[in-house]
Amino acid sequence: MDLSRFSTEARLQSHFKDDYDFGDDKLQTLYAQAKRHQWDADLDVDWGKFEPGVDVIDRRSDFMSRLACVQELPSEQQTQLFRVLHLFMVSQVLHGEQAAMMTCGQLVNVVPDVNAKLAASVQVVDEARHVEVFARYLECQGGRFPIDPDLKIILEELLAERDWEAKCVGMQVIIESVALSFFRLGSELGVEPVFKSFIGNVRDDESRHVAYGVITLQDRIPALAPGVRERLEDWAYDAIVRIGGRAGKPGFTSMLGALATTDVDFASFMPKFLDEISDQQHLDLDGLADPISDTVLPNLLRVGLVPERHVDGYLAQGWRVDRAAKTVENLHTRHSSAQEKRAEFQERGLTFADPREATLA
Ligand SMILES: [Fe+2]
Ligand SMILES: [Fe+2]
């Protein structure tokens with residue numbers, strides 16, 4: 001598969017309206033904030049402070065650091081391993097930023113409301129800046145990894161989507177919520193000085209983008225026909241299965257290929273690694289950031305895209321959703337409630353990786 005380029009056909013409807021009543025709208029406020037908080041990757045980042053030898057983010061934030069097979073590696077190999085892991089993640093962020101810039105450019109055309117067009121326009125500029133800052137950062141680090149095939153599938157689908165609501169769910173609510181979670185982690189636990197100096201600004205931009213998705217969809221979703229809404233609910237479920245990697249379809253498998261570029265002896269490392277990560281009872285994941293329960297599912301609950309029929313499927317993946325309280329608890333797949341749900345799906349011959357089969361009711 002050629003991961004260096006892809007093209008999608010998208011038939012979009014562009015809406016023009018002779019309506020310039022900006023009013024006192026939440027999106028107008030967001031647009032005003034965005035204009036005030038512009039920054040510049042040339043002027044506001046001190047690229048001279050780059051330190052090549054240090055971790056990008058404190059490695060203790062990564063579950064890999066808790067694995068015995070990693071801890072027993074010589075210290076230079078551990079350093080290499082975390083460097084590659086972080087550069088892999090930053091590379092996926094960079095590719096996601098390019099797609100965010102493109103999707104948001106489409107949104108300027110397809111959203112009907114003038115305030116939604118203005119807020120999307122300034123977001124295009126934000127995303128251009130993110131593309132610039134991450135590409136330059138990876139250049140300092142000496143290179144980047146190609147786009148992960150699962151991420152590519154999600155982005156291709158998003159770009160080809162005709163409806164602005166689906167673009168908003170996929171990009172503004174799901175992809176950008178995952179990115180926001182990573183940027184929050186980076187701003188709290190970033191180590192490398194240049195990364196640390198710009199990641200807080202990216203986080204602030206990104207939280208406006210997620211707010212854009214939530215504000216526009218909160219009004220829109222209740223007005224959609226049931227069939228259209230169900231399609232969006234399924235779209236969201238499927239994207240979480242791909243990103244979360246908890247439904248038998250491992251997320252971002254190309255990360256293992258990236259790790260193979262280190263000096264670690266993979267023939268002896270991989271069996272131990274696979275053993276440890278499949279031993280769910282002893283895997284220590286407590287306290288680690290989980291973008292799906294931290295940001296993605298709470299935002300989907302806010303806009304009304306977690307239906308009752310998906311609650312069992314999310315629980316089988318280790319996320320307990322309370323629709324009434326609008327809360328999400330990350331139990332992990334090893335939890336007895338998740339294990340019981342998995343067994344129930346299996347007994348009935350249903351696969352909870354498929355949004356249409358994710359219910360036991
Ligand atoms: Fe961005
Ligand atoms: Fe964004």
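This one's a predicted model, so the numbers in the text were calculated from it and none came from an experiment. Every number for a ligand or one of its atoms is a count from 1 in the order of the listing.
- In this structure, F269 has its ring center under 6.0 Å from that of F266.
- Using bins of under 30°, 30° to 60° and over 60° for the plane-to-plane angle, the ring pair H130/F183 lands in the perpendicular bin.
- Between the Fe ion (ligand 1) and the N, O or S atoms of H130, the shortest distance is to ND1.
- Counting backbone and side-chain atoms alike, E206 contributes an N/O/S atom closer than 2.8 Å to the Fe ion (ligand 1).
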After noting the C-alpha distance and the side-chain angles of W319 and N330, does the key distance pass the side-chain contact (heavy atoms from CB on, under 4.5 Å) rule? CA-CA 5 Å; W319 293 295; N330 182 22; 3.6 Å; yes
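- For E176, the N, O or S atom with the smallest separation from the Fe ion (ligand 2) is OE1.
- Note: angle at the Fe ion (ligand 1), from OE1 of E127 to OE1 of E97, is 80° (rounded to 10 degrees).
- Residue contact annotation: D126 places no N/O/S atom under 2.8 Å from the Fe ion (ligand 2).
- Side chains of E192 and H86: no donor on one and acceptor on the other come within 3.5 Å.
- Between E139 and R136 there is no salt bridge, since no side-chain nitrogen of the basic residue lies less than 4.0 Å from a carboxylate oxygen of the acidic one.
- Atom ND1 is the N/O/S atom of H209 found closest to the Fe ion (ligand 2).
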